[in-house]
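Per chain, numbering begins at 1; letters A, B, ... match sequence-line order.
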There are 2 protein chains.
Amino acid sequence: MPKVVDVEERRKRLVEAVWALAVRGGVEQVTLRKVADEAGVSMGQVQHYYSSMQALVADSLDRAVHAVNTAIEKAVEAAGTASPEVVLRTCLHALVGADEDSVRLMRFSLAVAGRAASDPAMAKVLAPGDEALLAFTAELIGAARRERGSGARGDDRIDEDHIDEDSVNEHSVDDDHIEADICWSLAVSLGVDVALGHRTPEAAGRVLDYHVDQILGGRSRS
Amino acid sequence: MPKVVDVEERRKRLVEAVWALAVRGGVEQVTLRKVADEAGVSMGQVQHYYSSMQALVADSLDRAVHAVNTAIEKAVEAAGTASPEVVLRTCLHALVGADEDSVRLMRFSLAVAGRAASDPAMAKVLAPGDEALLAFTAELIGAARRERGSGARGDDRIDEDHIDEDSVNEHSVDDDHIEADICWSLAVSLGVDVALGHRTPEAAGRVLDYHVDQILGGRSRS
DNA sequence: AATTTTGCGATGCAATCGCATTGCAAAGGC
DNA sequence: GCCTTTGCAATGCGATTGCATCGCAAAATT
């Protein structure tokens with residue numbers, strides 16, 4: 001067994017090159033030679049690690065999606081001990097994040113989404129949040145709603161005490177699930193807008209926060 | 001003045017070919033020869049009507065966006081005399097429509113969105129609903145809210161004079177505007193999911209309806 | 001030291017690309 | 001009937017594409 005190299009490192013480097021190229025000029029700019037050049041390696045190396053262009057792009061998309069998921073998980077455990085409401089806001093905001101990486105991944109995913117429209121294999125990878133994420137988010141929403149419903153009056157008498165009579169606060173678990181679905185759909189849409197430069201991350205974040213305010217019912221947010 | 005032909009008809013035919021090709025295999029499949037072939041004309045004709053490939057794709061996107069807007073307007077005036085709530089639902093549903101055309105346009109827009117990520121000129125065309133549409137939608141939401149708040153019990157007696165009793169129904173105009181923004185963002189996201197085959201038009205419509213139910217506050221919907 | 005196995009640089013190739021160019025046919029205006 | 005102008009078919013060209021192939025270098029095995 002000769003010449004042992006860090007395969008993962010090579011692949012990662014190539015994928016990064018693909019991201020950079022796609023963000024800079026669309027998927028059409030992702031060619032064997034350009035990738036090799038961007039990564040500072042030879043064409044042969046690219047071919048060595050990926051049997052075809054398709055495979056390269058597919059793996060790049062795969063890794064991009066994984067990176068986004070990881071970012072969400074990171075956001076969740078970073079705010080791990082906080083209230084469910086804060087956790088909810090935090091992980092939703094991961095999609096409209098202002099940080100460079102977030103925008104890069106979003107733009108790349110968008111650039112590749114075009115191919116996904118005709119390539120079912122890629123479309124699968126870009127599917128909306130999986131059931132586990134939805135369930136988790138629904139759980140968060142339910143918890144946050146319960147928390148607001150009970151512990152709302154803390155510092156000063158928010159007269160939320162007499163709003164419960166049969167009208168506003170009976171949300172079912174199913175409802176929470178749909179709300180979770182809506183939250184992620186909205187976050188994705190806003191994230192795309194940010195990636196395209198149609199919204200600032202701040203503006204998108206504000207819309208997201210407003211929506212969370214709405215679905216949690218009360219208004220106890222600064 | 002020789003050989004007068006219907007220029008619009010020619011262009012339309014070419015654009016339709018572009019749509020078909022892009023939906024079938026992504027923007028990368030849109031080439032001079034393929035377009036000519038798909039449209040059943042010669043390459044020369046394509047070049048005659050569009051000075052470059054860029055121009056062709058740009059015009060195709062332009063027409064696609066216009067077609068979607070037209071679909072929305074059509075939906076609005078088709079439900080013109082109905083209640084604001086119905087109008088709201090109707091025009092939002094235009095984006096997740098089950099009809100062939102709607103899906104085609106969405107898929108094409110998505111296919112081109114990748115280019116938009118790096119081409120500001122195209123990104124502009126794909127911008128979220130313009131201010132006029134947002135304002136109109138906000139108006140609709142406000143009207144629907146007022147109608148629900150008052151006319152809920154008994155369809156007569158619209159006592160809109162004292163609806164201000166401080167508790168559930170104080171939505172500001174600004175709020176309506178943000179809600180409108182959210183509605184369209186959500187509708188776009190759902191439309192994309194439908195285009196990618198991740199949701200059925202029915203499921204997407206249900207989510208949309210649920211959301212409208214929520215923002216209108218009361219529950220008077222079947 | 002010889003051998004084998006893997007990593008990968010270099011190059012060739014057929015296909016395809018967008019676009020420029022050329023030339024001809026058809027349709028008024030005179 | 002000629003002439004001009006427009007619509008478009010046809011073809012050529014240079015550049016670029018993904019991929020196959022070849023060959024050499026470096027390391028682990030013997």
Give the rounded distance in Å between these two atoms: [atom1] of [X] and [atom2] of [N].
X: B/Q45; N: D/dC8; atom1: CD; atom2: P; result: 4 Å
X: A/R11; N: C/dC8; atom1: CZ; atom2: P; result: 11 Å
X: B/L14; N: D/dG7; atom1: CG; atom2: C1'; result: 13 Å

Reading nucleotides 14-21 of chain D 5' to 3', which nucleotides get B (base under 4.0 Å from a protein heavy atom), which S (sugar-phosphate only), which -?
---BBBB-

Set of residues satisfying side chain to side chain donor-acceptor pair (under 3.5 Å) with respect to [X], sequence neighbours excluded:
X: B/E16; value: B/R104
X: A/Q45; value: none
X: A/E8; value: A/R63

Using only side-chain N and O atoms of B/Y50, determine if any of them is under 4.0 Å from OP1 or OP2 of C/dC19.
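False: B/Y50 side-chain N/O out of range (4.0 Å or more) of C/dC19 OP1/OP2.
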
Please check the phosphate of C/dC8 (OP1 and OP2 only) for any side-chain N or O of A/R10 closer than 4.0 Å.
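So the side chain of A/R10 is within the cut-off, an N or O lying under 4.0 Å from OP1 or OP2 of C/dC8.
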
Salt bridge (Lys or Arg N to Asp or Glu O under 4.0 Å) partners of residues 183-197 of chain A, not counting sequence neighbours, each pair once:
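Residue pairs passing salt bridge (Lys or Arg N to Asp or Glu O under 4.0 Å), neighbours aside: A/D193-A/R199.
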
Under 3.5 Å: donor-acceptor pair, side chain of A/R107, backbone of A/W19
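Side chain of A/R107 to backbone of A/W19: no pair is present.
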
Check: residues 115-129 of chain A side-chain donor-acceptor pairs under 3.5 Å, at least two apart:
residue, atom, partner, partner atom, Å
A/R115, NH1, B/E28, OE1, 3.0
A/R115, NH2, B/E28, OE1, 2.9
A/S118, OG, A/R115, O, 3.2
A/S118, OG, B/G26, N, 3.4
A/D119, OD1, A/A121, N, 2.9

